[in-house]
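Here's the structure we're looking at; comments come further down.
Numbers restart at 1 for each chain; the letters A, B, ... are given by sequence-line order, proteins then strands.
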Protein chains: 2
Amino acid sequence: MTRMHKENTLSKNQQIIFDLIDKSPEPLKAYTILFNVQKKGINAPPQVYRALDKLVAIGKIHKIESKNAFVACKNSDCEISKATAFSICESCEMVDEISDAKLSRYLSSFNHKKGMKFKRFNLEFFGLCKKCK
Amino acid sequence: MTRMHKENTLSKNQQIIFDLIDKSPEPLKAYTILFNVQKKGINAPPQVYRALDKLVAIGKIHKIESKNAFVACKNSDCEISKATAFSICESCEMVDEISDAKLSRYLSSFNHKKGMKFKRFNLEFFGLCKKCK
DNA sequence: TTACATAGTGTTATATTATAACAATTCTAA
DNA sequence: TTAGAATTGTTATAATATAACACTATGTAA
Ligand SMILES: [Zn+2]
Ligand SMILES: [Zn+2]
Ligand SMILES: [Zn+2]
Ligand SMILES: [Zn+2]
């Protein structure tokens with residue numbers, strides 16, 4: 001029997017960092033996070049990156065690869081970050097997680113001609129948001 | 001009348017760096033490129049990054065965002081990097097540019113509910129390639 | 001062919017993003 | 001209670017990317 005650890009509860013640092021990201025209207029960068037949690041006793045980059053790595057792994061946050069920044073997951077359907085899609089405004093930096101079941105199904109069932117079976121995808125759309133148009 | 005500059009010809013540094021990327025069977029990172037072109041007189045990071053920026057802008061190469069690495073474009077249809085898709089092996093790091101007209105059409109015509117009109121997308125699929133399966 | 005604009009180069013320094021390594025502590029399941 | 005797993009705290013360093021400035025090369029138009 002493999003040992004199981006408690007799920008669904010975040011450690012102290014993970015909770016602090018998740019709360020910050022979850023409250024933020026925009027993606028946060030690791031060193032912005034670090035700066036903002038120093039008052040709570042998190043002093044060094046590894047503490048931030050470890051929490052971020054874990055939060056990404058359990059699907060509570062996602063990394064926006066084109067911005068090296070992190071957003072809280074707003075989509076219970078993205079099943080632990082296996083299928084993520086975002087819309088990104090090139091002017092105001094706004095990022096919005098897309099939850100579109102049809103798109104997700106379409107991409108999840110996409111099979112590469114060259115025989116590769118996909119486990120996961122990440123899609124980033126770029127444009128101008130309503131406000132910036 | 002707006003002045004036009006010559007197109008299609010790469011500068012010396014751009015050509016050196018493009019050739020290196022184009023010959024490479026795998027994505028190359030900026031500092032790997034730097035190391036490999038020092039014998040040709042390119043000595044400093046800005047020289048590499050400027051060439052990379054330009055090559056990306058004109059669609060000769062693409063950046064694999066999840067790897068901070070660059071590949072030559074193998075797809076004349078991706079119309080200056082407006083619509084890019086890649087398959088990435090999580091084991092051997094192999095990256096392959098996907099050229100699938102149907103997928104490209106589907107995503108290019110995708111419209112976000114929230115009123116955003118997309119100009120560009122980048123899609124990265126992850127899995128195990130044939131060899132690593 | 002001269003003059004101007006644009007693009008590209010070379011260089012030094014520095015900013016930003018991310019990880020290695022190690023000791024200590026806390027949590028969890030049996 | 002105890003051993004394994006996860007988390008923490010810390011210092012140092014690696015890896016990725018840009019700022020700033022002086023200069024050179026190239027294409028265009030008059
Ligand atoms: Zn999500
Ligand atoms: Zn906007
Ligand atoms: Zn391409
Ligand atoms: Zn592989």
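- Rounding to whole angstrom units, CG of residue A:L34 and P of D:dT10 are separated by 13 Å.
- Taking every side-chain heavy atom of B:P45 into account, D:dA17 is the closest of D:dT8, D:dA17, C:dA18.
- Cation-pi check for A:K60 over A:F18 is met; the charged atom lies under 6.0 angstrom from the ring centroid and within 45 degrees of its normal.
- An OP1 or OP2 oxygen of D:dT16 is reached within less than 4.0 angstrom by a side-chain nitrogen or oxygen of B:K29.
- Taking atom CD1 of A:I17 as the reference point, atom P of C:dA18 lies 14 Å away to the nearest angstrom.
- Closest-nucleotide positions on DNA chain D for B:K67 and B:R50 were compared, and the one nearer the 5' end corresponds to B:K67.
- With hydrogens and angles ignored, a donor-acceptor pair closer than 3.5 Å exists between the side chain of A:Y31 and the base of C:dA18.
- The distance from atom CD of A:Q15 to atom C1' of D:dA6 is 16 Å, rounded to the nearest whole Å.
- B:K12 has a side-chain polar atom (N or O) that falls below the 4.0 Å cut-off from OP1 or OP2 of C:dG10.
- What you find for B:K54 and B:Q14 is that their closest heavy atoms are CG-NE2, 3.5 Å.
- Residues B:F70 and A:G41 both approach DNA chain D. Their nearest nucleotides, taken by heavy-atom distance, put A:G41 toward the 5′ side.
- Remark: C1' of D:dT16 and CD1 of B:I33 are 12 Å apart, rounded to the nearest angstrom.
- One can place CG of B:L10 at 15 Å from P of C:dA7, the figure rounded to the nearest angstrom.
- For B:A44, whose side chain is taken as the heavy atoms from C-beta onward, the closest listed nucleotide among C:dT12, D:dT8, C:dG10 is C:dT12.
- Side-chain nitrogen and oxygen atoms of A:Y49 include none within less than 4.0 Å of the OP1 or OP2 phosphate oxygen of C:dT19.
- If you take CG of A:L52 and P of C:dA18, they are 9 Å apart, rounded to a whole angstrom.
- Listed candidates were C:dG10, D:dA17, C:dG8. Nearest to the side chain of B:Q14 is C:dG8.
- When distances are taken from the side chain of B:S11 to each of C:dT17, D:dA17, C:dT9, the shortest belongs to C:dT9.
- Counting non-hydrogen atoms of neighbouring residues, nucleotides and ligands closer than 6.0 angstrom, the NZ atom of B:K133 exceeds 12 such neighbours.
- For B:D53 and C:dT9, the CG to P distance is 13 Å, given to the nearest whole Å.
- Regarding contacts with the backbone of C:dG8, a side-chain N or O of B:K54 is found under 4.0 angstrom from either OP1 or OP2.
- Under 4.0 angstrom from either OP1 or OP2 of D:dG9 there lies at least one side-chain N or O belonging to A:N13.
- Between A:Y106 and B:Y106, the ring centre distance stays below 6.0 Å.
- Here the C1' atom of nucleotide D:dA15 and the CG atom of B:L28 are 16 Å apart, to the nearest Å.
- Salt bridge absent: A:K40 and A:D19 never bring a charged side-chain N and a carboxylate O closer than 4.0 Å.
- Taking the six-membered ring where tryptophan is involved, the planes of B:F125 and A:F121 are perpendicular, since the angle between them exceeds 60° and thus also 30°.
- Residue B:K63 places at least one side-chain N or O closer than 4.0 Å to OP1 or OP2 of D:dA17.
- Between B:N68 and C:dT17 there is no side-chain polar atom (N or O) within less than 4.0 angstrom of OP1 or OP2.
- Residue A:Q47 has a polar side-chain atom (N or O) positioned under 4.0 Å from OP1 or OP2 of D:dG9.
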